[in-house]
Asks: 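Let me give you the structure first, and then I'll get to my questions.
Here is how names work: the chains are called A, B, and so on, in the same order as the sequence lines, proteins then strands, and each is numbered from 1.
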There are 2 protein chains.
Amino acid sequence: MPVPTIKYYVREGLLPPGELTSPNQASYGEAHERRLRLVRALLEVGGLPVAAIREVLAAIDDTERPVHKVLGAAAWAATRYGGEDAGAPEGGDGDGAADDAELKLARERVARLVEARGWRIDPGNRAAQALASALATLERVGHGGFVDLLDDYAEAAERVARADLDYTARRVAREDLVEAVVVGTVMGDAVFAALRRMAQVDASARLFPPE
Amino acid sequence: MPVPTIKYYVREGLLPPGELTSPNQASYGEAHERRLRLVRALLEVGGLPVAAIREVLAAIDDTERPVHKVLGAAAWAATRYGGEDAGAPEGGDGDGAADDAELKLARERVARLVEARGWRIDPGNRAAQALASALATLERVGHGGFVDLLDDYAEAAERVARADLDYTARRVAREDLVEAVVVGTVMGDAVFAALRRMAQVDASARLFPPE
DNA sequence: CGCTATCTGATAGTGCCACTATCTATGATG
DNA sequence: CATCATAGATAGTGGCACTATCAGATAGCG
């Protein structure tokens with residue numbers, strides 16, 4: 001890593017400043033390196049913007065915060081929410097509403113899914129919003145039929161989530177647990193996406209045999 | 001959509017230029033609108049860069065191209081490959097090799113998985129590369145144990161891929177089929193990621209009950 | 001002790017990317 | 001006929017992840 005990049009991360013609050021041993025000499029320990037690797041992973045594999053990483057790390061480091069809140073923060077940060085923009089604290093509504101019937105329907109669809117699955121999640125949840133937004137977009141793009149796959153997708157998602165939980169459940173120290181959660185959430189997306197592509201290639205090779 | 005944005009898309013080759021009815025009047029038909037929606041979907045929900053969208057659309061529009069090649073193009077474009085950069089045509093190797101033992105191991109792990117699954121995919125496949133890169137990163141970040149979840153992930157991925165195939169299999173016209181493939185590939189990621197988050201929230205709410 | 005190489009922190013700049021503002025020429029519209 | 005909108009072209013904006021450069025200070029070597 002180029003030194004100026006590290007300085008940049010320090011400025012951005014992604015890394016703690018090294019311990020000054022003299023006004024022009026700082027020492028970086030193992031914890032720094034670990035943190036740096038985590039940052040790079042979130043950045044490169046997870047594709048998170050720096051600002052999001054800062055928030056996630058803040059959640060990790062805030063030992064007051066209960067673990068499920070950290071998960072929430074990671075999920076929040078990792079979710080590129082594509083619709084109608086919404087700041088975290090949910091400012092005044094202003095306009096918004098009015099024009100989007102598609103989105104409304106999509107939200108209902110999501111609510112139904114959540115109910116059918118028995119998932120206990122806040123309907124205002126950002127992932128749910130993102131899902132609704134994606135479904136609305138699909139509808140608009142002429143692929144409303146895609147929702148028929150939701151059950152299969154949800155089934156698969158549950159399976160993955162179970163595996164994730166198993167993984168995190170092994171951790172004992174908060175530090176480790178919390179990091180596992182973050183890593184699992186963010187990197188898991190990339191891993192799954194890659195696997196999905198691979199499975200698709202395979203499935204499609206069977207369906208459309210390459211002569 | 002702001003007009004200049006549409007012009008920009010036309011310049012970038014994402015949209016065909018409207019039919020000129022006079023030097024200062026162009027008419028945009030339904031096909032244009034459909035295409036525009038697709039572009040927005042790939043851009044906002046899929047998060048693809050404009051250049052990638054251009055390639056995908058070129059693949060869609062090239063009626064010579066067999067369907068599985070289009071799937072390949074979509075998968076290629078949608079995969080943010082985080083490692084060691086590699087241009088599509090694979091330029092001269094130069095250096096590279098040398099330092100990454102992690103990556104080598106990860107590649108072997110991926111090869112083993114592919115074999116165990118009986119997937120028929122080219123090992124040079126970009127998704128496989130991306131997977132290896134992600135696994136290597138996980139190892140480096142101290143979460144090598146994550147690979148234990150690979151089987152569960154792969155199982156889920158297969159399920160999703162099967163659903164995707166079912167969906168596309170309904171299509172008859174090439175135009176439709178190909179678009180379904182692209183939409184499924186790109187938007188499916190977003191949908192699944194959202195569902196995974198939701199399932200995680202649920203699972204974690206059960207495991208760490210919010211008092 | 002002196003001298004240079006190296007490090008820190010700060011400020012400003014770079015390159016990329018998805019737009020967006022502005023300008024001119026031209027034809028639509030009341 | 002006057003005004004206004006539009007096509008097309010060129011240049012500029014803002015955001016973001018860096019990166020180049022500059023002082024100031026010291027480590028380390030002869």
Side-chain angles (χ1 to χ4, degrees), chain A residues 1-29 32-33 35-58 77-88 137 186 190, chain B residues 1-29 32-33 35-58 77-88 137 186 190:
Chain A
M1 288 257 70
V3 175
T5 302
I6 291 173
K7 304 250 185 91
Y8 165 65
Y9 291 161
V10 171
R11 279 200 305 281
E12 292 297 315
L14 306 186
L15 287 175
E19 275 176 58
L20 279 256
T21 62
S22 91
N24 73 338
Q25 213 72 24
S27 88
Y28 295 84
H32 282 93
E33 189 187 334
R35 177 51 61 94
L36 177 56
R37 284 188 199 284
L38 179 60
V39 168
R40 295 302 301 172
L42 297 181
L43 208 49
E44 293 183 351
V45 181
L48 298 202
V50 164
I53 295 178
R54 178 171 43 237
E55 283 167 35
V56 171
L57 295 179
T79 305
R80 238 187 358 283
Y81 178 52
E84 316 290 307
D85 77 291
T137 301
V186 177
Chain B
M1 288 257 68
V3 176
T5 302
I6 290 174
K7 303 246 183 101
Y8 165 66
Y9 292 161
V10 172
R11 279 200 305 282
E12 293 297 315
L14 306 186
L15 286 176
E19 274 176 60
L20 279 256
T21 61
S22 91
N24 73 341
Q25 214 70 26
S27 87
Y28 295 84
H32 282 94
E33 189 186 335
R35 179 50 62 93
L36 178 57
R37 285 190 199 282
L38 179 60
V39 168
R40 295 302 302 172
L42 297 180
L43 208 48
E44 293 182 352
V45 181
L48 298 201
V50 165
I53 294 177
R54 179 170 43 236
E55 284 168 34
V56 171
L57 295 179
T79 305
R80 233 185 6 278
Y81 177 51
E84 316 288 310
D85 76 294
T137 301
V186 176

Asks: Rounded off to whole Å, could you give me the CG-to-P distance for the B/L20 and C/dA25 pair?
Replies: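 For the pair B/L20 CG and C/dA25 P, the rounded distance is 18 Å.
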
Asks: When the distance from CG of B/L36 to P of C/dA18 is rounded to whole Å, what number comes out?
Replies: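 That distance rounds to 15 Å.
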
Asks: Test for a donor-acceptor pair under 3.5 Å between the base of C/dT8 and the side chain of A/R11, counting only N and O atoms.
Replies: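 There is none.
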
Asks: Within this structure, what is the NE2-to-P distance between A/H32 and C/dT8, rounded to whole angstrom?
Replies: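 Whole-Å distance recorded here is 11 Å.
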
Asks: Check whether the side chains of A/Y9 and A/R40 place a donor and an acceptor atom closer than 3.5 Å, and report yes or no.
Replies: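 Indeed, the side chains of A/Y9 and A/R40 share at least one donor-acceptor pair under 3.5 Å.
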
Asks: For D/dC16 and A/Y8 - does any side-chain N or O of the residue sit under 4.0 Å from the phosphate oxygens OP1/OP2?
Replies: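 Looking at the OP1 and OP2 atoms of D/dC16, neither is under 4.0 Å from any side-chain N or O of A/Y8.
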
Asks: Starting the side chain at C-beta, find the nucleotide from C/dT20, D/dA27, C/dC19 nearest to B/P2.
Replies: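 Of the options given, the side chain of B/P2 lies nearest C/dT20.
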
Asks: Among the candidates D/dA7, C/dT20, D/dC18, find the nucleotide nearest to the side-chain atoms of B/A26.
Replies: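 Minimum distance to the B/A26 side chain belongs to D/dA7.
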
Asks: Distance check needed: D/dT10 C1' versus B/E12 CD, whole Å only.
Replies: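 For the pair B/E12 CD and D/dT10 C1', the rounded distance is 14 Å.
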
Asks: Give the nucleotide from the list C/dT8, C/dG27, D/dT19 with an atom nearest to the side chain of A/V3.
Replies: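 Minimum distance to the A/V3 side chain belongs to C/dT8.
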
Asks: Please give, in whole Å, the distance from D/dT19 P to A/K7 NZ?
Replies: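 Answer to the nearest Å: 14 Å.
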
Asks: Would you say a side-chain N or O of A/R40 is under 4.0 Å from OP1 or OP2 of D/dC18?
Replies: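 Checking A/R40 against D/dC18: at least one side-chain N or O falls below 4.0 Å of OP1 or OP2.
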
Asks: For the side chain of B/V50, starting at C-beta, report the closest nucleotide among D/dT6, C/dG9, C/dA18.
Replies: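 Nearest to the side chain of B/V50 among the choices is C/dA18.
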
Asks: Classify the nucleic acid contact of B/P23 as base, sugar-phosphate or nothing, counting any heavy atom under 4.0 Å across all strands shown.
Replies: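 The residue B/P23 makes sugar-phosphate contact but no base contact.
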
Asks: Would you mind reading off the distance between A/Y28 atom OH and C/dT6 atom C1', rounded to a whole angstrom?
Replies: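 Going from OH in A/Y28 over to C1' in C/dT6 covers 14 Å.
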
Asks: If you pin A/S22 and B/Y9 to their nearest nucleotides in DNA chain C, which one's is more 5'?
Replies: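 Its nearest nucleotide lies further toward 5', so the answer is A/S22.
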
Asks: Hey, could you give me the CG/CG distance between B/L42 and B/L57, rounded to the nearest 0.5 Å?
Replies: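 These two atoms lie 6.5 Å from each other.
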
Asks: Quick one: label B/P17 by what it contacts on the DNA or RNA (base, sugar-phosphate, nothing), any heavy atom closer than 4.0 Å.
Replies: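 Nothing, no heavy atom under 4.0 Å.
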
Asks: Could you check B/L14, B/V39, B/L36 and say which one makes a side-chain contact (heavy atoms from CB on, under 4.5 Å) with B/I6?
Replies: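 Single pass found, and it is B/L36.
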
Asks: Can you tell me which nucleotide in D/dA7, C/dT20, C/dT8 comes closest to the side chain of A/N24?
Replies: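 Nearest listed nucleotide: C/dT8.
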
Asks: Please report the C-alpha distance between B/L48 and B/V186 in whole Å, then the side-chain angles of each, then the deciding distance to 0.1 Å, and finally whether the side chain to side chain contact (heavy atoms under 4.5 Å, CB included) criterion is met.
Replies: CA-CA 8 Å; B/L48 298 201; B/V186 176; 4.2 Å; yes

Asks: Would you check if the side chain of B/R54 reaches a backbone N or O of B/E12 as a donor-acceptor pair within less than 3.5 Å?
Replies: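 Such a contact is found between B/R54 side chain and B/E12 backbone.
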
Asks: Whole angstrom is fine here: how far is it from CD1 in A/I53 over to C1' in D/dC18?
Replies: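 The answer, rounded to whole Å, is 13 Å.
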
Asks: The side chain of B/T5 lies closest to which of these nucleotides: C/dT8, C/dT20, C/dC7?
Replies: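 Nearest nucleotide to the side chain: C/dT20.
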
Asks: Please state how far atom CD in A/E44 lies from atom C1' in D/dC18, giving the value in whole angstrom units.
Replies: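 Those two atoms, CD and C1', are 13 Å apart.
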
